[in-house]
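Just so you know, residue 1 is the first one in the sequence shown, and it goes up from there. Note that these values count all heavy atoms, side chains included, but never hydrogens, waters or copies made by symmetry. One-based numbering, in listed order, for ligands and for the atoms of each.
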Amino acid sequence: MRLFALKASEELGASIAGALDCALDPHEERDFEDGEHKARPLVSVRGEDVYVVHSLNGTPAASANDKLCKLLFFIAACKENGAASVTAIAPYLAYARKDRQTKARDPVTTKYVAQLFEAAGADCVMVLQAHNLAAFQNAYRCRTLHLDTRKLFTPIIKELVAGQPVAVVSPDGGGMKRAQLLKETYEAETGESAGFGFMEKRRSRGVVSGTLFAGEVKDASVFIFDDMIGSGGTMVRAARACREHGASRVYALAAHGLFGEGSEDLFASDAIDGVLVTDSVRTAVEAKVRTEKLRIVPVGPLIANAIRCLRGNGSLSDLLGMED
Ligand SMILES: O=P(O)(O)OC[C@H]1O[C@H](OP(=O)(O)OP(=O)(O)O)[C@H](O)[C@@H]1O
């Protein structure tokens with residue numbers, strides 16, 4: 001096999017390689033003055049199963065579009081040069097939020113991104129905590145692999161609550177299934193029951209509204225679980241609602257710590273005792289210097305295990321926590 005990590009995801013790639021007890025394979029990336037770029041493997045890929053790591057979150061240094069293009073062209077270059085298969089590992093997948101039409105003549109960009117991956121020759125696309133699992137899996141005709149952060153976060157929840165009552169809350173209706181699964185995983189692994197709750201959230205033309213809250217959070221340590229933290233607004237409003245309903249402690253959990261504009265308020269908020277994210281995107285790791293409230297869980301070992309399973313060493317169903 002060959003394992004590459006494009007530059008913006010080098011640290012994550014190194015962590016995956018470390019967990020696999022191998023080195024990242026070398027590649028070259030060049031940027032041209034007109035904004036174009038090229039990337040190519042510096043070792044032969046002929047006949048190899050190739051794994052390429054690249055998280056597709058936009059930053060001031062590189063837009064999501066640039067990152068997506070680089071990944072697509074790299075996949076195509078591997079195929080062009082004889083790779084037996086290419087698995088794109090995009091822990092954070094760009095355009096996952098535009099999974100449906102909400103305005104007249106809207107695009108369904110999630111689907112178009114899938115078409116681009118397939119056109120480039122990807123055989124499998126692996127993501128971490130998809131924004132909308134059904135939309136992700138249904139958009140692709142090639143193989144998809146969805147990794148979940150539940151098992152990463154459960155031991156930390158256990159450690160933080162030290163036997164006190166626990167509740168898991170979804171900050172919006174769309175994330176209820178995800179939060180329910182975390183609650184069930186926590187219950188299965190501890191033998192303790194956990195409360196559940198959710199918050200109303202409606203986003204229209206960038207404005208978030210909705211104040212209804214339902215949940216069993218009184219005197220509990222509450223874990224608000226989401227796929228990503230952008231501005232942090234979703235987490236802060238849900239945390240406030242949990243406090244108003246009597247939560248004793250509140251933690252914000254998400255796979256992807258994008259920490260965009262406004263996220264200072266998340267770390268400054270009295271309603272939130274701690275923030276837990278993975279190192280799926282570099283912005284999460286860079287944010288660590290800003291606050292002690294942030295804890296980062298490495299996701300490299302989970303991705304490495306998924307690669308092992310794809311290569312026939314271990315059960316994917318077990319890894320994904322799926323019932324037989
Ligand atoms: O930190 P923030 O800036 O608040 O952004 C993060 C939120 O955005 C996404 O949901 P989105 O609002 O797009 O919801 P939907 O797709 O479920 O409508 C995501 O699932 C988070 O809930």
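- When the side-chain hydrogen bond (donor to acceptor under 3.5 Å, both in side chains) test is applied to S204, no partner is found at least two apart in sequence or on another chain.
- The salt bridge (Lys or Arg N to Asp or Glu O under 4.0 Å) test with E29 is passed by exactly one of K70, R40, K38: K70.
- Using the six-membered ring where Trp is involved, F223 and Y251 have ring planes that are parallel, under 30° apart on the 30 and 60° scheme.
- A heavy-atom cutoff of 4.0 Å around ligand 1 is satisfied by the protein residues R97, R100, H131, D172, K201, R203, D226, D227, M228, I229, G230, S231, G232, G233, T234.
- The list of ring-ring contact (aromatic ring centres under 6.0 Å, His included) pairs with a residue in residues 60-89, not counting sequence neighbours, reads F4-F74, H27-F74.
- Between the side chains of N57 and K67, a donor-acceptor pair is found at a separation under 3.5 Å.
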Tabulate below the donor-acceptor pairs under 3.5 Å that side-chain atoms of residues 86-93 make, not counting sequence neighbours, or state none.
none

